[in-house]
Amino acid sequence: LFVKTLKLAKIVTFISQKTAEECSSYVNIKENRKKVVYDAVDDSLVFSSHEFNAEKPVFLHIGVKANKNLIRSIEAMKGLSAHLRIIGKLDEKVQKILDASRIEYSNGYNLSDEEIFEKYKKCDIVNFPSLYEGFGMPIVEGNAVGRVVVTSNRSPMNEIANGAAVLVNPEDVASIRKGYLEAIKNHDYYIKKGTENSSRFRCSEISKQYMSIYKAVIIG
């Protein structure tokens, strides 16, 4: 059903170039029928003034599944003066690693969107060195609120960040740690770039892109 529907569609939209490429490995879709339209960021997420704590920054890590790369993040953070705030229920394995690392951390789960948005506002750095994503909304959300983002130098994260985040090799602990130090050192630069980048994902901008596609389909 999935393949048949794609073949019948006049235009197929994808949330990133990566998802478009992955879909094409299953279904042959002509290039002129593919359109990348990003997910829109919640309009309630706007720039929030915040004094960056360079002495002891708060890192916000959202998600605890394997692709979210929490264990390598913990390894990279060892010895840093920082607080790691993790959103997602921790399993016993990760709990033991955290306790052994002697990293200062806090944990919350089953939070509402509003509660998560507040966590963005109270952090200094959004930690998102993910191994795999279809999009990467925490990058945009961090940008929108005015926080430094550390993410992976692989698609689609580098596509979404568009130069507005510190890019790291998510499989290299040393690279992640180097990214943390860069984020702390040059936070003003990345906050400015992130604010600019987030404008691409506003509902008003994304809706214009969809309207253009709908009109093209109707006109034929």
Side-chain angles (χ1 to χ4, degrees), residues 16-18 41 47-48 50-88 90 94 97-98 100-107 116 119-198 200-201:
S16 68
Q17 188 60 41
K18 180 179 178 62
V41 67
F47 185 87
S48 176
H50 175 77
E51 185 176 349
F52 188 93
N53 185 351
E55 297 300 318
K56 190 177 183 179
V58 173
F59 286 75
L60 178 64
H61 184 99
I62 297 179
V64 295
K65 291 183 178 180
N67 66 300
K68 302 304 182 182
N69 215 10
L70 176 56
I71 292 176
R72 286 194 184 93
S73 296
I74 295 168
E75 290 294 319
M77 204 170 292
K78 283 182 178 179
L80 290 182
S81 175
H83 180 94
L84 178 60
R85 183 165 291 146
I86 305 164
I87 306 302
L90 300 174
V94 174
I97 292 171
L98 274 166
S101 71
R102 298 184 179 180
I103 291 173
E104 181 181 307
Y105 74 94
S106 56
N107 177 229
I116 292 175
K119 299 300 183 186
Y120 275 110
K121 294 176 184 178
K122 292 178 180 178
C123 80
D124 298 289
I125 298 170
V126 175
N127 185 57
F128 197 67
S130 180
L131 297 169
Y132 176 86
E133 298 290 331
F135 182 71
M137 184 55 79
I139 300 168
V140 184
E141 292 174 336
N143 283 168
V145 176
R147 302 298 177 264
V148 188
V149 177
V150 176
T151 192
S152 304
N153 190 15
R154 60 173 57 173
S155 182
M157 283 72 81
N158 49 12
E159 173 190 349
I160 302 306
N162 193 37
V166 180
L167 300 180
V168 303
N169 178 350
E171 297 186 59
D172 184 351
V173 170
S175 176
I176 298 171
R177 185 181 180 85
K178 185 178 179 181
Y180 292 163
L181 297 176
E182 167 67 11
I184 295 168
K185 180 180 178 181
N186 294 310
H187 55 273
D188 285 337
Y189 170 82
Y190 290 104
I191 290 170
K192 181 178 183 295
K193 294 290 289 185
T195 303
E196 295 169 356
N197 187 49
S198 67
R200 298 193 296 147
F201 304 91

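Values below: all heavy atoms of this structure, side chains included; hydrogens, waters and symmetry mates excluded. If you're wondering where the values come from, they're calculated on a predicted model, not measured in any experiment.
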Student: What I'd like to find out is whether the side chain of V168 reaches to under 4.5 Å of the side chain of R177, using heavy atoms alone.
Tutor: no

Student: Checking side-chain contact (heavy atoms from CB on, under 4.5 Å) against L60, which of R85, K122, R147 comes through?
Tutor: R85

Student: Do P170 and R72 come within less than 4.5 Å of each other through their side chains, counting heavy atoms only?
Tutor: no

Student: For the residue pair L167 and A161, what are the closest heavy atoms and their distance?
Tutor: CD2-CB, 4.4 Å

Student: Answer yes when E182 and K178 have at least one side-chain N-carboxylate O distance shorter than 4.0 Å, and no when they do not.
Tutor: no

Student: Please test K119 against I62 for side-chain contact (heavy atoms from CB on, under 4.5 Å), starting from the C-alpha separation and ending with a verdict.
Tutor: CA-CA 10 Å; K119 299 300 183 186; I62 297 179; over 6 Å; no

Student: Please name all residues satisfying side-chain hydrogen bond (donor to acceptor under 3.5 Å, both in side chains) with K121, sequence neighbours left out, ordered by chain then number.
Tutor: E118

Student: Does a side-chain heavy-atom distance below 4.5 Å link S152 with Y132?
Tutor: no

Student: Minimum heavy-atom separation for I184 to A54, with atom names?
Tutor: CG2-O, 3.8 Å

Student: Rounded to the nearest 0.5 Å, how far apart are CD1 of I97 and CG of L70?
Tutor: 8.0 Å

Student: What are the two closest non-hydrogen atoms of Y120 and G142, and how far apart are they?
Tutor: CE2-N, 3.8 Å

Student: Closer than 3.5 angstrom, by distance alone: can the side chain of T151 be matched with the main-chain N or O of F128 as a donor-acceptor pair?
Tutor: yes

Student: Backbone N or O of Q17 within a donor-acceptor pair of the E159 side chain at under 3.5 Å?
Tutor: yes

Student: When rounded to the nearest 0.5 angstrom, what is the spacing between CG in L98 and CD1 in I74?
Tutor: 3.5 Å

Student: Locate the shortest heavy-atom distance separating S81 from P57; write the atom from each residue and the value.
Tutor: O-CD, 3.3 Å

Student: Is there side-chain contact between N53 and V58, with heavy atoms separated by less than 4.5 Å?
Tutor: no

Student: For the atom pair CZ (F135) and CZ (F201), what is the distance rounded to the nearest 0.5 Å?
Tutor: 5.0 Å

Student: Say whether, by atom type as modelled, one donor and one acceptor occur between the side chain of H61 and the main chain of G63 under 3.5 angstrom.
Tutor: yes

Student: Knowing that exactly one of D124, V148, V145 qualifies, which makes a side-chain contact (heavy atoms from CB on, under 4.5 Å) with I191?
Tutor: V148

Student: Backbone N or O of S130 within a donor-acceptor pair of the N67 side chain at under 3.5 Å?
Tutor: no

Student: Just verifying a value: how many Å separate N153 CG and D172 CG, rounded to the nearest 0.5 Å?
Tutor: 12.0 Å

Student: Would you give the length of the straight line joining atom CD of E75 to atom OG of S101, rounded to the nearest 0.5 angstrom?
Tutor: 7.5 Å

Student: To the nearest 0.5 angstrom, please state how far the CD1 atom of I86 sits from the OH atom of Y105.
Tutor: 7.0 Å

Student: Could you walk me through whether I125 and H187 pass side-chain contact (heavy atoms from CB on, under 4.5 Å), step by step?
Tutor: CA-CA 9 Å; I125 298 170; H187 55 273; over 6 Å; no

Student: Is it true that a side-chain atom of T195 and a backbone atom of G146 form a donor plus acceptor pair closer than 3.5 Å?
Tutor: no

Student: Considering non-hydrogen atoms only, spot the tightest contact between A164 and N197 and give its length.
Tutor: CB-CB, 3.6 Å

Student: Backbone N or O of P129 within a donor-acceptor pair of the N69 side chain at under 3.5 Å?
Tutor: yes

Student: Indicate the atoms forming the closest heavy-atom contact of A76 with Y180, along with that distance.
Tutor: CB-CE1, 3.8 Å

Student: Is the shortest side-chain heavy-atom distance between V126 and E141 below 4.5 Å?
Tutor: no

